[in-house]
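Here is the structure we will look at, set down as structure tokens.
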Amino acid sequence: MRGTLTQQIFSAKVGRWVKPGEIVLVDVDFVMGQDGTAPLAIKAFEEMGGEKVFAEKKVAFVIDHSAPSPNQGVSELHKRMRDFAWRQRIVLYDIGEGVCHQIIPEKGHVKPGSIVIGADSHTCTYGALGAFATGVGSTDLAAAMISGKMWFKVPETILFKLNGKLPTGVFSKDLILFLIGQVTADGATYKAVEFEGSTISSLSVDARFTICNMAIEMGGKAGLIAPDEKTRAWLEERKVKADFEFLEPDKDSYEKVYEFDVSALEPQIAVPHRVDNVFPLSKYEGTRINQAFLGTCTNGRLEDLEIAARILKGKRIHPEVRLIVAPASRKVLLEAMEKGIISVLIEAGAVLVTPGCGCCVGTHNGVPASGEVVISSSNRNFKGRMGNPDSSIFLASPATVAASAIEGRIADPRNYLN
Amino acid sequence: MVFEGQVLKVGKNIDTDVIIPARYLVTFDPLELSVHCFEGLGEDFRAKLKPGSILVAEENFGCGSSREHAPIAIKGCGISCVIASSFARIFYRNAINIGLPIVECPEFVKEVQEGDKVAVSLLEGKITNLKSGKTYQAKPFPPFLVEIIRAGGLVNWAKKRLKKEEK
């Protein structure tokens with residue numbers, strides 16, 4: 001029996017063949033909490049009578065949502081995380097290390113075939129490496145920190161078969177926005193989603209992270225891509241041994257299969273205040289913007305900064321626009337500095353902030369004013385997401401963000417990429 | 001576990017940024033969180049939030065972030081139970097874990113009117129519209145979840161289990 005990738009992972013864990021709908025208790029391979037969720041997990045850990053985490057090296061805390069701390073209340077929470085981490089000798093990534101979903105794979109904590117839980121909804125990002133990774137809340141995290149186990153309902157799986165080469169100026173972000181628009185924000189609720197096809201094979205691992213990162217925006221429990229040579233090379237660079245062997249999934253095991261040819265796809269945009277409110281970019285071209293944001297666990301990686309720099313090189317951003325850049329991690333920042341990308345961005349007028357989540361999640365580092373419009377490379381445009389319910393957020397690719405920053409209006413990046 | 005109250009309705013895809021924005025996650029206290037709960041829906045809606053109300057939502061309630069502060073804030077408002085056509089997955093787990101009663105029943109959501117008085121029997125999944133007299137059967141919880149709900153959440157459930165193991 002071959003089933004889906006998801007079924008293969010759960011079956012290997014349980015030691016027998018499992019079917020969707022079954023409730024199973026499994027060992028988790030890695031657990032993660034960030035500064036929005038870990039403090040509440042520490043409280044639950046203590047209330048449950050937890051004394052020691054199940055395995056020091058398999059638990060990480062990341063301080064990224066408000067980093068460095070913007071106020072005293074947050075500072076107290078950070079202190080609580082640090083004290084707990086040092087006492088328990090777990091892995092701690094403190095301010096400046098970057099966004100959890102960049103660091104956890106980057107530091108080699110994710111292997112194909114493993115089960116990872118994180119107290120953050122975008123934990124599904126790691127599925128790009130062939131792991132089953134999913135977001136949980138603080139109490140679930142606490143229980144897993146004590147026991148090393150977690151209950152799951154083995155999910156049904158939806159398959160996206162994507163074929164064709166993405167045209168110039170169209171990126172994996174446009175592709176995932178398009179798919180979310182097609183299936184809507186609850187199109188995959190309680191289900192895993194898997195992506196395959198020639199389009200996926202042609203994408204870099206960085207670009208695949210963008211796809212799996214947004215599986216949650218269609219309600220997905222996890223988003224998976226089977227590992228290939230590119231995955232193995234990426235993992236080897238980070239000294240991770242990929243020893244889990246997937247079998248070719250059985251097409252009949254999927255609850256639903258969607259097929260798309262993407263070779264004529266246009267740049268896409270998600271319009272306020274919903275991620276599934278997706279249209280071809282052309283429909284909103286010319287809309288005035290006040291702020292452009294480049295960064296996040298969706299699109300703050302090296303190739304994202306690189307494409308933005310290609311567009312911004314030798315140009316200035318529009319005088320009435322702020323461009324805020326938050327590299328996804330310290331490593332990404334260093335590499336972008338070495339390649340001269342950061343100079344290009346700053347010379348063009350960008351403001352660089354600490355690698356982290358602040359601007360996207362509305363805790364600090366770029367809260368828009370009432371009535372302002374933001375174009376962002378992030379994954380959510382919910383009302384109030386960036387800290388002000390009276391502002392509006394458009395979601396697009398890093399290239400579209402860069403082109404729009406130049407023009408002060410939503411702009412098509414293809415005009416800059418010939 | 002039976003709840004009776006007046007229905008307050010919301011639409012589909014109510015996300016966690018609308019329920020409780022990230023900038024308020026500096027406390028775990030249900031009452032402190034409740035001060036900002038549903039800020040994204042505006043002050044007119046917030047004025048209708050009364051202790052004992054039963055919140056009725058359309059599809060995908062609680063989508064977005066994994067923040068457990070969302071069900072805690074709703075509990076802090078005194079909402080006794082949330083009935084939705086469907087819940088986002090992480091919110092569903094979080095609500096059960098912290099002991100916020102939730103029920104999934106699309107047929108009921110379709111027919112109920114704001115202000116109707118309803119009774120919910122949580123473990124049986126039975127909902128009665130006391131105005132129309134009509135009853136609805138919600139999706140039952142798996143036995144494993146019933147155990148957690150009976151204990152009042154995952155923390156209490158885990159505590160009880162640890163105690164049993166000690167014995």
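None of these values were measured; they are calculated from a predicted model. Residue numbers start from 1 in every chain, and the chains themselves are labelled A, B, ... in the order their sequence lines are given, proteins ahead of strands.
- Here the CD-OG distance, from A:Gln34 to B:Ser66, works out to 6.0 Å after rounding to the nearest 0.5 Å.
- Taken from OG in A:Ser138 to CZ in B:Arg67, the straight-line distance is 11.0 Å, to the nearest 0.5 Å.
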ask   = Would A:Asp140 and B:Arg93 satisfy salt bridge (Lys or Arg N to Asp or Glu O under 4.0 Å), going step by step from the backbone distance to the final call?
value = CA-CA 8 Å; A:Asp140 269 334; B:Arg93 279 185 88 113; 2.7 Å; yes
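- In this structure, the side chain of B:Arg89 engages the main chain of A:Gly135 through a donor-acceptor pair within 3.5 Å.
- Around atom NZ of A:Lys52, more than 12 heavy atoms belonging to other residues, nucleotides or ligands sit under 6.0 Å away.
- B:Arg23 is not listed as a side-chain neighbour of A:Pro70, based on a closest heavy-atom distance of 4.5 Å or more.
- Across B:Phe87 and A:Tyr190, no two heavy atoms sit closer than the pair O-OH, 2.7 Å.
- You'll find the side chain of A:Ile216 reaches within 4.5 Å of the side chain of B:Ile90, heavy atoms only.
- Heavy atoms closer than 4.5 Å to chain A are found in the side chain of B:Ile148, but not in its backbone.
- Ranking B:Leu25, B:Ile98, B:Asn13 against chain A, the residue ahead of the rest is B:Asn13, based on heavy-atom pairs under 4.5 Å.
- With a 4.5 Å cut-off on non-hydrogen atoms, B:Tyr92 touches chain A through its side chain but not through its backbone.
- Contact between A:Ser121 and B:Gly64 at its shortest, heavy atoms only, is CB-O, 3.3 Å.
- No side-chain heavy atom of A:His273 sits less than 4.5 Å from a side-chain heavy atom of B:Asp17.
- When heavy atoms are compared at a cutoff of 4.5 Å, A:Lys43 approaches chain B solely by way of its side chain, counted from C-beta outward.
- If you measure heavy-atom distances from A:Asn71 to chain B, the contacts under 4.5 Å come from the side chain alone.
- The contact between B:Ile72 and chain A is made entirely by side chain atoms (from C-beta outward), counting heavy-atom distances below 4.5 Å.
- For B:Leu145, the part lying under 4.5 angstrom from a heavy atom of chain A is the side chain only.
- Proximity to chain B (any heavy atom under 4.5 Å) is shown, for A:Arg385, by both the backbone and the side chain.
- Counting heavy-atom neighbours within 6.0 Å of B:Arg150 CZ, excluding the residue itself, gives a total of 12 or less.
- For the residue pair A:Asp186 and B:Ser86, the shortest heavy atom distance occurs at OD2-OG, 4.4 Å.
- Annotation: A:Lys19, atom NZ; neighbour count of heavy atoms from other residues, nucleotides and ligands within 6.0 Å does not exceed 12.
- Distance alone, capped at 3.5 Å, places no donor-acceptor pair between the B:Glu68 side chain and the A:Leu40 backbone.
- In terms of heavy-atom proximity, B:Ala88 sits nearest to A:Thr189 at CA-CG2, 4.4 Å.
- Annotation: side chain of A:Met48 is in contact with side chain of B:Leu154 (closest heavy-atom distance under 4.5 Å).
- In this structure, B:Lys9 places its NZ atom where more than 12 heavy-atom neighbours from other residues, nucleotides or ligands lie under 6.0 Å away.
- For the pair A:Leu77 and B:Phe28, the minimum side-chain heavy-atom distance is below 4.5 Å.
- Interface remark: of the candidates B:Leu41, B:Asn156, B:Asn97, B:Thr27, B:Asn97 forms the most heavy-atom pairs closer than 4.5 Å to chain A.
- Judged by distance alone, the side chain of B:Asn60 and the main-chain N or O of A:Ala185 form a donor-acceptor pair under 3.5 Å.
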